[in-house]
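Remarks on the structure that follows.
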Amino acid sequence: MIRDQIRQIVTKAVASAQSSGNLPQIEFPPVEIERPNQPDHGDYSSNFALLAASAIKKASGRKANPRQLAQSIVDNIPADEMVGSVELAGPGFINFRLNQGWLQQSVLSIIDQGACFGAIDRGKGQRWQVEYVSANPTGPLHYGGGRNAVLGDALANVLEAAGYDVQREFYVNDGGSQIQLFIESLYACYLQLCEKLDGAPVRNVEIPDGAYQGAYLHDYARLVREQVGDRLAHLEPAEAREALRDIGREIVVTDIRDELAAMGVTFDRWFSEKSLYDEGLVDRLLKELSEKGEVIKRDGAHWFLASKYPGNEKDEVVVRSSGAPTYFASDIAYHYDKFVRRRFDRVVNVWAVDHQGHVPRMGAIMRALDLDPERLTILLYNLVKLIREGQEVKMSKRSGDFLTVREVVEEVGPDAMRFMLLTTSPESGIEFDMSLAVQRKNENRVFYVQYGHARICSLLQRAADSGHRNPEALPEDASEVVNLLTDPAELALIRRMLEMEEQIELAVERLSPHNLTYYAEDLTKTFSVFYENCQVLHSDVPQPLARARLLLILAARTALSRVLSLMGMSAPQEM
RNA sequence: GCGCCAGUAGCUCAGUGGAUUAGAGCGUCGCCCUGCGGAGGCGAAGGUCGCAGGUUCGAGUCCUGCCUGGCGCGCCA
């Protein structure tokens, strides 16, 4: 990465300045390289001399002049093909400018990297898991789950680009009371349907409090009937429910899977909570934790003594006095499975902010299992407010009448949905304006970016039609040709594209890929300026320059489609 | 009451490894089409970065207190 290389250069220069006696032999803070806001300040800049001055003052009590320190560092920076100039500026900043020839050649490197452009090796093959969505399998996804899906998926993409070995997982809560309630609700619905259509026996099934009652249940009931006819209506209720458990689970999980697939989100594994009970892992771990004194019996229930761990104020029930385990019991087994059995180095769980209360106790689980809590990160995201025609779209949760992910995707399209739900940092709320998302106008940022890509494709197509050879098969003189790219707009575009690695690193470092949406816009904007200033296919443009510019826009297409794919969006050839 | 998060331009939001003059998009007001997709480009106006202290040579960024809004504090998930 460019910034790392600059950091290396400065670090080495500091070391040689120290050994030649121009800098004192004290412990200096690590060299930081930043990107200045002002173009005048170069492409990269280091404030090291300012930090060094205060370090010297602290160590020796002597005042040091940061400008002089900077000068002795600059004096020790050797020539480098990547660096065009090194300047000393202001109170002691060291500003770097990239070499023009090096920038020009990097166009070829971008084309060469293709779909992998910007990949870095930060992860070094570490095994990470991103667990996201994990909505209760009791109905279609609430639109809010769309943000979870987009965030988790983009995060997984960006982690892969940064060299991590990533597994994407959906945890299916099919072991608890909610799925039970769902099955009973579905059973009641199914009985009504069979009674009506098949004249099946009338059964008075008790519908429990809080039963699910959304309209989708009727659709599911129809699916059940298509599969097994009215057979279940003739069984004893207990038997029927047992049979319906698997069928109902399969129907709802398939529904959720299809919804997510419609927005381009897929998983490597759908992990069943129930399987943790079936194989006895939950019981085993509860027993072990009891033996270790982490779980005790009190007031008829079994409690995990979370309060002895930092950040936890209360203990947590793992088995109710009724004998039914809570979700917390399976959470213990689930995380044991993730870290001990499957040996993930790190796990990120993506949760909506209303689950924030559970975060501390996850840390307690990790400690109780003798695992480093740092290996588990809970990524919380804020809620989504849907706006349509300037009005908030109100939901009635009581009747199960809410907008689903599927409906939002159908209304605005998967790309607009993904982009919009990715634009803010996770901890900020989102006002998702659906009316805006469908507008084919420039105030819609999604269209702006995709339009840029389509424009590039159109240009390349025109070039091919007018007899230019395909620039993707790099001509032999390519490295000479790109030296013709000297227009400020051309160089600005190259610089912008070269930010890709840093953007990927940033998204990974903060575990929040929203910066990609801004980068995509900047990239598109920089291309548009080039497009406005520099003709490609025009009789006035000499052949060699036209060829150079075709290589440049091919690189731009590579970069733009890369960032779109990291966000999980399509890169349309035409619109 | 306690905890977490947010408060930056008219609107929606970036920026939170402290650093040279605080950004973008939209909106508003001006420009630019006998040129590759005008779904574009250029420019202007617009901000005491919630308030008050503190640390620092330097704070939107770190610390403390307060105000406002959202969320969370069950043998629910």
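Chain A is the first sequence line, chain B the second, and so forth, proteins listed ahead of strands; every chain is numbered from 1.
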Pair assignment for B:A39, Watson-Crick or G-U wobble, requiring both distances under 3.5 Å:
none
Counting Watson-Crick and G-U wobble pairs only, both distances under 3.5 Å, name the nucleotide matched with B:A44, or none.
B:U28
Would you mind classifying the nucleic acid contact of A:V353 as base, sugar-phosphate or nothing, using non-hydrogen atoms under 4.0 angstrom?
sugar-phosphate
Which part of the nucleic acid, if any, lies within contact of A:E316, taking any heavy atom under 4.0 Å across all strands shown: a base, the sugar-phosphate backbone alone, or nothing?
nothing
Nucleotide of B:A39, B:C73, B:C36 approaching A:K314 most closely (side-chain heavy atoms):
B:C73
NA contact type, A:G429, heavy-atom cut-off 4.0 Å: base, sugar-phosphate, or nothing?
sugar-phosphate
Paired with B:A52: which nucleotide, if any, by Watson-Crick or G-U wobble criteria at under 3.5 Å for both distances?
B:U64
Does the side chain of A:S428 get closer than 4.0 angstrom to OP1 or OP2 of B:U12 through an N or O atom?
no
Measuring only the C1' atom in each nucleotide, how far is B:C11 from B:G27? A whole number of Å is fine.
7 Å
Given B:G25, B:G41, B:U20, identify the nucleotide with an atom nearest to the side chain of A:Y448.
B:G41
From B:U20, B:G25, B:G72, pick the nucleotide closest to the side chain of A:F93?
B:U20
Taking only the C1' atom of each, what is the distance from B:C31 to B:G54 in whole angstrom?
49 Å
Are any of A:S425's side-chain N or O atoms less than 4.0 Å away from OP1 or OP2 of B:A14?
yes
Which nucleotide wins on minimum distance to the side chain of A:E431, given the candidates B:A39, B:C71, B:C13?
B:C13
Indicate whether OP1 or OP2 belonging to B:G70 is found under 4.0 Å from a side-chain N or O atom of A:K385.
no
A:E509 atom CD, neighbour heavy-atom count above 12 within 6.0 Å:
yes
When you compare B:A22 with B:G46, how far apart are their P atoms, in angstrom units rounded to a whole number?
14 Å
Could you check whether A:H302 gets within reach of a base, just the sugar-phosphate, or nothing at all, counting any heavy atom under 4.0 Å?
nothing
Between the base of B:C36 and the ring of A:H538 - centre-to-centre under 5.5 Å, planes within under 30° - is that a stack?
no
Expressed as a whole number of Å, how far does the P atom of B:C71 sit from that of B:U28?
33 Å
Side-chain donor/acceptor of A:R462 to base of B:G35, under 3.5 Å:
no
Residue pair A:T524/A:G357 against RNA chain B: nearer the 5' end by closest nucleotide is A:T524
On the side chain of A:E313, is there an atom forming a donor-acceptor pair with the base of B:G3 - under 3.5 Å, no angle test?
no
Measure up the A:F530 and A:F527 rings against each other and bin them: parallel (under 30°), tilted (30 to 60°), perpendicular (over 60°).
tilted
Taking 4.0 Å as the cut-off, does a side-chain nitrogen or oxygen of A:R320 come that near to OP1 or OP2 on B:C76?
yes
Over all heavy atoms of both residues, which pair between A:V158 and A:I504 is shortest? Give the atoms and the distance, please.
O-CG2, 3.9 Å
Between B:G72, B:G40, B:U20, which one does the side chain of A:S528 approach most closely?
B:G40
Rounded to the nearest Å, what distance is computed from the CE atom of residue A:M434 to the C1' atom of nucleotide B:U12?
17 Å
Applying a 3.5 Å limit to both distances, which nucleotide forms a Watson-Crick or G-U wobble pair with B:A59?
none
Side-chain N,O (A:Y531) to OP1/OP2 (B:A39) below 4.0 Å
no
What is the nucleic acid contact for A:N95, judged by heavy atoms within less than 4.0 Å: base, sugar-phosphate only, or nothing?
base
On the nucleotide B:G15, are OP1 or OP2 found under 4.0 Å from the side-chain N or O atoms that A:H514 carries?
yes
In whole angstrom, what separates A:W351's CH2 from B:C71's P?
19 Å
May I ask you to decide if the ring planes of A:W270 and A:F170 are parallel, tilted or perpendicular, using 30° and 60° as cut-offs?
parallel
Counting N and O atoms only, with roles assigned by atom type, does the side chain of A:S570 sit under 3.5 Å from a partner on the main chain of A:P572, one being a donor and the other an acceptor?
no
Remember a base hit wins even if backbone is also touched, and classify A:L51 as base, sugar-phosphate or nothing at under 4.0 Å, heavy atoms.
base
Does any donor atom in the side chain of A:Q178 or A:N173 lie under 3.5 Å from an acceptor atom in the other side chain?
no
For B:C67, glycosidic torsion class - syn if within 90° of 0, otherwise anti
anti
At 4.0 Å (heavy atoms only), tell me whether A:T517 reaches a base, stays on the sugar-phosphate, or touches nothing.
nothing
Within the 4.0 Å heavy-atom criterion, would you say A:T424 contacts the bases, only the backbone, or no part of the nucleic acid?
sugar-phosphate
Which heavy-atom pair separates A:A55 from A:F28 by the least distance, and what is that distance?
CB-CD2, 4.1 Å
What nucleic acid atoms does A:Q573 come within less than 4.0 Å of, heavy atoms only: base, sugar-phosphate, or nothing?
base
Gap between atoms NE2 and P, on A:H41 and B:A22 respectively (whole Å)
12 Å
Using atom CD of A:E32 as one end and atom P of B:A19 as the other, report the distance to the nearest whole Å.
11 Å
Rounded distance in Å - CZ (A:F527) to P (B:G38)
10 Å
Watson-Crick/G-U partner (both atom distances under 3.5 Å) of B:G17
none
Under 4.0 Å between a side-chain N/O of A:R510 and OP1 or OP2 of B:G17, yes or no?
yes
A:F304 CZ to B:G74 P: how many Å, rounded?
17 Å
Establish, with yes or no, whether the OP1 or OP2 oxygen of B:A39 is under 4.0 angstrom from a side-chain nitrogen or oxygen of A:K525.
no
Near A:E374 CD, under 6.0 Å, is it more than 12 heavy atoms from other residues, nucleotides or ligands?
no
Which nucleotide, in any strand shown, forms a Watson-Crick or G-U wobble pair with B:C73, with both distances under 3.5 Å?
B:G1
At 4.0 Å (heavy atoms only), tell me whether A:C534 reaches a base, stays on the sugar-phosphate, or touches nothing.
base
Classify the nucleic acid contact of A:N47 as base, sugar-phosphate or nothing, counting any heavy atom under 4.0 Å across all strands shown.
base
Kindly point out which of B:G41, B:G72, B:G35 is positioned nearest to the side chain of A:E532?
B:G41
Taking the inter-plane angle between the rings of A:Y309 and A:F304 on a 0 to 90° scale, is it parallel (under 30°), tilted (30 to 60°) or perpendicular (over 60°)?
parallel
Could you check whether A:Q356 gets within reach of a base, just the sugar-phosphate, or nothing at all, counting any heavy atom under 4.0 Å?
base
Rounded distance (Å) that lies between atom P of B:C36 and atom CD1 of A:I456:
17 Å
Looking only at side-chain atoms of A:D354, point me to the closest of B:C71, B:G35, B:A6.
B:C71
Rounded to whole Å, how long is the line connecting atom CD of A:E499 with atom P of B:G15?
15 Å
Looking at A:R3, A:R97, A:R35, which hits side chain to side chain donor-acceptor pair (under 3.5 Å) with A:Y44?
A:R35
Answer with base, sugar-phosphate or nothing: what part of the nucleic acid does A:A454 contact at a heavy-atom distance below 4.0 Å?
base
For A:D540 and A:S321, find the nucleotide of RNA chain B closest to each by heavy atoms; which residue's nucleotide sits nearer the 5' end?
A:D540
